[in-house]
2 protein chains.
Amino acid sequence: MAEPATKDLILDTAERLFAERGFAAVSVRDITAAAGVNLAAVNYHFGSKDALMTALFVARVTPLNRERAKLLHEAEGRSGGVAKLEDILHALVAPPVRWWLGPDAALSVSVQFLMRAYAETTPGIRALLEQDVAHLQRFVLALARALPRLAHDEICWRLHFALGVMHYTVSERRRLQALSAGSCDLKNTESIIRRMVAFCAKGFQI
Amino acid sequence: MAEPATKDLILDTAERLFAERGFAAVSVRDITAAAGVNLAAVNYHFGSKDALMTALFVARVTPLNRERAKLLHEAEGRSGGVAKLEDILHALVAPPVRWWLGPDAALSVSVQFLMRAYAETTPGIRALLEQDVAHLQRFVLALARALPRLAHDEICWRLHFALGVMHYTVSERRRLQALSAGSCDLKNTESIIRRMVAFCAKGFQI
DNA sequence: GTCTATATTCGGATAGAC
DNA sequence: GTCTATCCGAATATAGAC
């Protein structure tokens, strides 16, 4: 039943290279050479370079969104159906930031890959992004319940801003460290999540 | 004295294609064909594809940063040397958002190109990014003067978050419109700037 | 400055032996 | 499933005529 080692090896290697350099800048030859597998293996197992990218995106985004949905669901359960603003934002950003800065290096690569995949959508991924918007609608609804006086478009704007905070922070780690001359500590994951949630929660007030 | 038409035509065409598809996904052939110039013209005028990208980045980022610095300087002049928080954030985001949503389509392409160039740094651009960090240091200093009780690393974190709000908003226009089902209006530039500044300013409080 | 033609390398994808 | 060998188009870059 075990997946062939080659297939997973290709997925992990492609993910790392895509995360580092982007989709178009990485060739199938780069991937197979780095993985130590045969050149033809990508087309055998996935059909094409594009299909590999799509399979990879699905494999990584699914558990991340599941974790977000779980945290949101738990937050709603804790407070009688209407989650608090901070808890909604926490459900949104904690999973990716924990993957990013947590002890598991593979998960860190995964979230960096995902942020890149969102930014440089290939044809195969563009089609999947509709489902991803559906996932975000849960957060729109939760925010509307938590902040009933805020108009729908205002909820969307601010959710978009909050997503920007998270995406950019994960993608532009180098830039933050250059800007702060290294004074911004990236070791304490939970305090970074708190800082990010606090920033966004204040932005949602009034 | 006038620049040769071909050179500027290449710059404008390359900018548009890079903004739409990214650097690696656009070939010199794509650029010269779309511009209606000879294939060899890119190498004649710029030396290489990478050098074209670098020249383009410099040509666009310079006036944008100059405008930001001017607004910051004016804000400091208006209030006796120490600019107010909202005015600092306004100087940071108003120029790119005005380029993005203003009446000049060429400037809109320019800011989309720039956001992509920051995200997918080529070797030539990476070297230039140090100067760009120096430009951002003015904003760190201004924020530190406006918020003397905030620690240096906290200033950097929140400035980074504010940059994320702007970068992601400009880059992920499609995603915002899909998320909000079109209810987020992108026509009123100044009200979008106010919304963005307000969100970030609240995030800086306390 | 602009063109054609070309050198040379690399790209994704596949056929067919094992 | 994995390998070698290869097809064939596309990539960057340049040489040399005009």
Side-chain angles (χ1 to χ4, degrees), chain A residues 1-59 113 116-117 120-127, chain B residues 1-59 113 116-117 120-127:
Chain A
M1 180 62 219
E3 284 277 307
T6 298
K7 194 168 178 178
D8 283 339
L9 197 52
I10 289 171
L11 281 171
D12 291 345
T13 308
E15 179 176 43
R16 178 171 57 80
L17 294 177
F18 288 155
E20 287 168 0
R21 308 183 213 160
F23 176 73
V26 173
S27 69
V28 173
R29 289 174 145 85
D30 291 335
I31 296 164
T32 54
V37 303
N38 191 270
L39 171 60
V42 163
N43 283 288
Y44 175 78
H45 284 287
F46 299 95
S48 71
K49 180 190 173 187
D50 214 86
L52 162 62
M53 178 70 163
T54 305
L56 194 45
F57 183 77
V58 172
F113 160 75
R116 247 211 220 265
E120 326 175 1
T121 57
T122 60
I125 286 180
R126 250 187 296 278
Chain B
M1 181 57 220
E3 283 280 306
T6 298
K7 192 167 177 176
D8 283 338
L9 198 51
I10 289 171
L11 282 170
D12 291 344
T13 307
E15 179 177 45
R16 179 170 57 79
L17 294 177
F18 288 156
E20 287 169 0
R21 307 183 216 161
F23 176 74
V26 173
S27 69
V28 173
R29 290 175 142 82
D30 292 335
I31 296 165
T32 54
V37 304
N38 190 270
L39 170 62
V42 163
N43 283 287
Y44 176 77
H45 284 287
F46 299 94
S48 70
K49 182 191 173 186
D50 215 88
L52 162 60
M53 178 72 163
T54 305
L56 193 45
F57 182 78
V58 172
F113 160 75
R116 255 221 213 258
E120 326 174 3
T121 57
T122 61
I125 287 180
R126 250 186 296 279

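Sequence lines set the chain letters: A, B, ... in the order given, protein chains first and strands last, and positions in each chain run from 1.
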> Would a distance-only check, ignoring hydrogens and angles, find a side-chain to backbone donor-acceptor pair under 3.5 Å from Arg116(B) to Glu20(B)?
yes

> Looking at the side chain of Ala40(B), which of dT2(C), dT2(D), dA15(D) is the nearest nucleotide?
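The listed nucleotide nearest to Ala40(B)'s side chain is dA15(D).
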
> Under the rule for side-chain contact (heavy atoms from CB on, under 4.5 Å), what residues qualify as partners of Ala33(A), not counting sequence neighbours?
none

> Considering residues at least two apart in sequence or located in another chain, which fulfil the ring pair (Phe, Tyr, Trp, His ring centres under 6.0 Å) criterion with Phe18(B)?
Phe23(B)

> Just the atom pairs and distances: protein N or O near nucleotides 10-13 of chain C's N or O, under 3.5 Å.
residue : atom : partner  : partner atom : Å
dG11(C) : OP1  : Ser27(A) : OG           : 3.3
dG11(C) : N7   : Arg29(A) : NH1          : 3.4
dG12(C) : OP1  : Val28(A) : N            : 3.2
dG12(C) : OP1  : Lys49(A) : NZ           : 3.4
dG12(C) : OP2  : Val28(A) : N            : 2.9
dG12(C) : N7   : Arg29(A) : NH1          : 2.7
dG12(C) : O6   : Arg29(A) : NH1          : 3.3
dG12(C) : O6   : Arg29(A) : NH2          : 3.3
dA13(C) : OP2  : Lys49(A) : N            : 3.0

> For Phe46(A) and dG1(D), what is the distance between atoms CZ and P respectively, to the nearest whole Å?
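Going from Phe46(A) (CZ) to dG1(D) (P), I get 11 Å.
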
> Could I get the full list of salt bridge (Lys or Arg N to Asp or Glu O under 4.0 Å) partners for Asp12(B), not counting sequence neighbours?
Arg60(B)

> In whole angstrom, give the distance that lies between atom CG of Leu9(B) and atom C1' of dT2(C).
14 Å

> Quick one: which residue pairs count as a salt bridge (charged side-chain N to carboxylate O under 4.0 Å, His left out) with a foot in residues 39-50 of chain A, not counting sequence neighbours?
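Every pair satisfying salt bridge (charged side-chain N to carboxylate O under 4.0 Å, His left out) with a residue in residues 39-50 of chain A: there are none.
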
> Does Thr6(B) make a side-chain N or O approach to OP1 or OP2 of dG1(C) shorter than 4.0 Å?
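False: Thr6(B) side-chain N/O out of range (4.0 Å or more) of dG1(C) OP1/OP2.
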
> Consider the side chain of Asn38(B), meaning its heavy atoms from C-beta on, and name the nucleotide among dG1(D), dT4(C), dC3(D) that approaches it most closely.
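Closest nucleotide to the Asn38(B) side chain: dT4(C).
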
> Only pairs at least two apart or in different chains count here, so list each salt bridge (charged side-chain N to carboxylate O under 4.0 Å, His left out) that has a residue in residues 29-43 of chain A.
Arg21(A)-Asp30(A)

